[in-house]
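Below is the structure I would like to discuss, written out as structure tokens.
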Amino acid sequence: MNKKIYISTPIYYPNSKLHLGHAYTNVLADYLARYKKLCGYDVYFSTGSDEHGQKIADLAALAKKSPLVYVTEIVESFKELWAKLGIEYTHFVRTTDQEHQLFVQTICDKLFAKKDIYKGFYKDWYCKNDEAYFTSTQLTANHQCPLCNREVVEIEEESYFLKTSKFQEWIKDALTEDNILLPKVRQNELLKNFLTELKDLSISRISLEWGIPLPFDNKHTLYVWVDALLNYLSTFTYSKANWTVEEVWKTNSKVEICQFVGKEITRFHAIYWPIILKMLNYRKPFVFAHGWIIGADGDKMSKSKGNAFDPIYLIDKYSADALRFYLINNIPNGEDGRFSEKLLIENINGLLVNKLANLVSRTNGMLAKYFNSVVPKGNENDKQRKKTKKLLTAILVDYHLAMKELNFSASTKLLLNYIDQINLYIEQTIPWKQSGLELATILNFLITEIANLAICFSPILTQTSEKLFNWLGIKKVVSYSDLDRNFTGQKLANLDHLFERIKS
Ligand code: MSP
């Protein structure tokens, strides 16, 4: 049986179209999903939209639309973006889906029956933008939201609570001892900022209609974060893929898990989410928290700051592959990283054109000129070829290691190094000065290695790899076992243009 992995992204608020920061999360998740498929895994990749809550209800009212009509239009734009960006998810959860809502209600019933949910009275502060509760000591010095620095409102009402305080020591231990959150720096932040005193979480509102009613008291609607977190369970109950909640989340499950989140929402995913799972007798999650895309002004990219890029604009202008590559390669793993069109262009010209596209077009040109595009038989025992192959094999070992550590930005550097070594081989062997078996050996080797590059880059440069596969006559790549193919005797097709050099 194949190994299995469950990969998830946060579900996004459909309050407006997504920007490049959101696209970053899904590109990383899609990269890992495609990589794992090449390694032979069965992959379940879930994403979706987080549609309830005060913020959405207010925006819909402002647009004079019903909340459902309002969000549906925006959710369509999410799906269009993911299609254009080559995000191959298994299932898309909308929290307004009937199946999700009913599932969430059964979970609430269960927790209420277990007395992990109880009725009380809430009196503290709420930030509508982050849909998050704070005590006055957690607010900024100016009495604003510590996450987004916006106004907070005082809420005083009857509310149901989740008994999270009971798990304070348990979650502290889990964060310190277990591997549930990477990178490490985020663990320390949570321990310092949120775990000195973990209060019970208020999980219902009586003043909000746009949400899931609590099944045992339907004048209350469920707190949007609990509704949203439960998508990581509900997704399995109504997707086309034949996976179950139990097989992924039961305590002795062998299924690997990787839940991608941006660093500002680690609190929900690495404190409340594991506690909810624990209450349900499920296993702990594994969360990978990435950093932020920073705009040209040095601030976190966001719609409200006016520094956000529309990913559709960038894809249409520069291609999905170029954008995917930039995000994976240029944002340092787990840290913040800059984006600007100038940097993207530098990346395309300096790396994708100068290194990758040049190697391919040079090789294609020589093969056409000297061998009428038919791959000649080479000498397998050639010394230089063997020496280079050894180096390339070592690079791939490091590449898989980087992927194991989820060090995405390091992984692309290794693939670039792979290209550099092949280009170096060309400089050392000087094919245009060779003939006969020497020349045939070089070109035979180059074609095999470009095919290897096409396979290794396929989780990142999806369209470019497709073009290379067409050129090489590779019908379908199923796994890394397709590496090191022998193309002797094969006539290669026409090569589609890979990347255009961009004038800046
Ligand atoms: N709806 C919640 C998530 C619920 S998951 C159970 C939410 N939605 S969101 O639309 O505000 O943002 C989702 C993701 O986008 C987060 O992972 C966040 O970090 C990411 N990003 C938003 N702006 C970003 C950047 N400028 N840079 C990188 N990622 C950023 O939170």
Side-chain angles (χ1 to χ4, degrees), residues 7-29 46-56 59 71 74-75 77-78 81-82 87 92-96 100 104 127-132 145 147-148 150 181 186 211-212 222-235 258-274 276-277 285 287-311 323 326-328 330-340 408-409:
I7 296 171
S8 68
T9 74
I11 53 175
Y12 301 92
Y13 292 127
N15 53 343
S16 63
K17 287 191 174 173
L18 298 176
H19 61 66
L20 191 65
H22 306 110
Y24 178 49
T25 318
N26 274 35
V27 165
L28 288 185
S46 76
T47 187
S49 47
D50 186 358
E51 306 187 10
H52 293 125
Q54 189 71 58
K55 182 167 54 179
I56 302 276
L59 283 168
V71 291
I74 299 176
V75 169
S77 76
F78 290 8
L81 170 61
W82 301 145
I87 307 296
F92 190 104
V93 174
R94 293 186 59 176
T95 53
T96 51
H100 171 80
V104 166
C127 168
K128 187 174 77 174
N129 180 61
D130 290 297
E131 301 281 10
C145 168
L147 297 180
C148 68
R150 287 186 176 83
L181 172 64
R186 304 283 161 244
I212 301 181
L222 180 64
Y223 174 38
V224 64
W225 264 101
V226 176
D227 173 356
L229 288 167
L230 289 173
N231 98 87
Y232 302 130
L233 300 176
S234 76
T235 183
C258 187
Q259 303 202 260
F260 286 88
V261 301
K263 65 179 182 183
E264 81 280 25
I265 56 172
T266 38
R267 172 164 70 115
F268 297 98
H269 286 84
I271 296 180
Y272 298 123
W273 175 226
I276 293 172
L277 287 167
V287 176
F288 177 82
H290 65 70
W292 287 334
I293 308 281
I294 301 293
D297 53 359
D299 272 346
K300 177 190 176 199
M301 189 173 283
S302 82
K303 261 256 156 64
S304 58
K305 292 209 187 89
N307 62 356
F309 269 93
D310 175 3
L323 192 60
Y326 183 92
L327 293 174
I328 298 167
N330 287 54
I331 311 300
N333 223 45
E335 293 172 34
D336 298 348
R338 274 180 192 271
F339 177 85
S340 71
F408 304 109
S409 59

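No experiment lies behind these values; they were computed from the predicted model shown. One-based numbering, in listed order, for ligands and for the atoms of each.
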request  = Please determine if Lys55 and Glu131 form a salt bridge, counting it only when a charged side-chain N lies under 4.0 Å from a carboxylate O.
outcome  =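 Salt bridge: no.
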ask   = Heavy atoms only: which of Tyr232, Trp292, Tyr12 is nearest to atom 6 (C) of ligand 1?
value =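 Minimum heavy-atom distance to atom 6 (C) of ligand 1 goes to Tyr232.
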message = Once rounded to the nearest 0.5 Å, what's the spacing between atom CH2 of Trp225 and atom NE2 of His52?
response =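 Separation between the atoms: 15.5 Å.
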Closest heavy-atom pair and its distance - Gly48, Phe78 =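 For Gly48 versus Phe78, the nearest heavy atoms are O-CD2, 4.4 Å.
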query = Name the one of Asn307, Ile294, Leu323 that satisfies side chain to side chain contact (heavy atoms under 4.5 Å, CB included) with Phe339?
reply =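 One option only clears the test, and that one is Leu323.
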request  = Considering only non-hydrogen protein atoms, determine which one is nearest to atom 12 (O) of ligand 1 and report residue, atom name and distance to 0.1 Å.
outcome  =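 Here the nearest protein heavy atom works out to His22 CD2, 3.8 Å.
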request  = Could you tell me the separation between the OG atom of Ser409 and the CG atom of Leu28, rounded to the nearest 0.5 Å?
outcome  = 9.0 Å
task = Using a strict cut-off of 4.0 Å, indicate which atoms of ligand 1 neighbour a heavy atom of His290.
result = 28 (C), 29 (N)
task = State whether the shortest distance between N or O atoms of Gly21 and N or O atoms of ligand 1 falls below 3.5 angstrom.
result =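 Gly21 vs ligand 1: N/O contact under 3.5 Å present.
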message = With nothing but distance in play, are any N or O atoms of Gly262 less than 3.5 Å from an N or O of ligand 1?
response =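 Yes; at least one N/O pair falls below 3.5 Å.
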key: Among Leu28, Thr266, Asp50, Val93, closest by any non-hydrogen atom to atom 1 (N) of ligand 1   =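 Shortest heavy-atom distance from atom 1 (N) of ligand 1: Asp50.
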key: For atom 9 (S) of ligand 1, the protein heavy atom that lies nearest, with its residue and separation   =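 For this ligand atom, the closest protein heavy atom is Tyr13 CD1, 3.7 Å.
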ask   = Without hydrogens or angle criteria, can the side chains of Asn333 and His290 be said to hold a donor-acceptor pair below 3.5 Å?
value = no
task = Could you tell me which atoms of ligand 1, counted from 1 in the order shown, lie closer than 4.0 angstrom to a heavy atom of Met301?
result =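 Heavy-atom distances to Met301 below 4.0 Å select 23 (N), 25 (C), 26 (N).
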ask   = Between the side chain of Asn231 and the main-chain N/O of Ala228, is any donor-acceptor distance below 3.5 Å?
value =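 At least one qualifying donor-acceptor pair exists.
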task = Check each atom of ligand 1 against the heavy atoms of Gly291 and keep those under 4.0 Å away; list them by number with element.
result = 28 (C)
key: For atom 18 (C) of ligand 1, the protein heavy atom that lies nearest, with its residue and separation   =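 Here the nearest protein heavy atom works out to Glu264 OE2, 3.2 Å.
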request  = Give the contacting part of Phe268 toward ligand 1: side chain, backbone, both or neither, where contact means a heavy-atom distance below 4.0 Å.
outcome  =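 It is neither; nothing of Phe268 touches ligand 1.
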request  = Give the numbers and elements of all ligand 1 atoms closer than 4.0 Å to a heavy atom of Val261.
outcome  =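 Reading through ligand 1 atom by atom, the close ones are 17 (O).
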inquiry  = Between Asp130 and Arg150, does any side-chain N to carboxylate O distance fall below 4.0 Å?
reply    = no
inquiry  = Could you tell me, atom by atom, which parts of ligand 1 come under 4.0 Å of a heavy atom of Ala228?
reply    = 6 (C)
message = Give me the nearest non-hydrogen protein atom to atom 23 (N) of ligand 1 as residue plus atom name, then the distance to 0.1 Å.
response =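 Atom 23 (N) of ligand 1 sits closest to the protein heavy atom His19 CE1, 3.3 Å.
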ask   = Is the distance between the ring centroids of Tyr232 and His269 under 6.0 Å?
value =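 So the answer is yes for these two rings.
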query = Taking non-hydrogen atoms only, is Ile293 closer than 4.0 angstrom to ligand 1 via side chain, backbone, both or neither?
reply =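 Both parts.
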query = Does the gap between the ring centers of Phe288 and Phe408 come in under 6.0 Å?
reply =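 They qualify: ring centres under 6.0 Å apart.
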Donor-acceptor pair between Glu335 and Trp292 side chains, under 3.5 angstrom =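 Result is no, nothing qualifies.
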remark   = heavy-atom search around atom 16 (C) of ligand 1 in the protein gives Ile265 CD1, 3.7 Å
query = Can you list the ligand 1 atoms lying under 4.0 Å from a non-hydrogen atom of Pro10?
reply =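 Checking each atom against Pro10, I get 3 (C), 5 (S), 17 (O).
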ask   = Would you say the side-chain atoms of Glu51 and Thr95 include a donor-acceptor pair closer than 3.5 Å?
value = no
task = Around atom 20 (C) of ligand 1, find the nearest protein heavy atom and jot down its residue, atom name and distance.
result = Thr25 OG1, 4.0 Å
ask   = His269 heavy atoms, cut-off 4.0 Å: which ligand 1 atoms fall inside?
value =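 Once the distances to His269 are compared, the set is 5 (S), 6 (C).
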ask   = Judging by distance only, is a nitrogen or oxygen of Ile11 under 3.5 angstrom from one on ligand 1?
value = yes
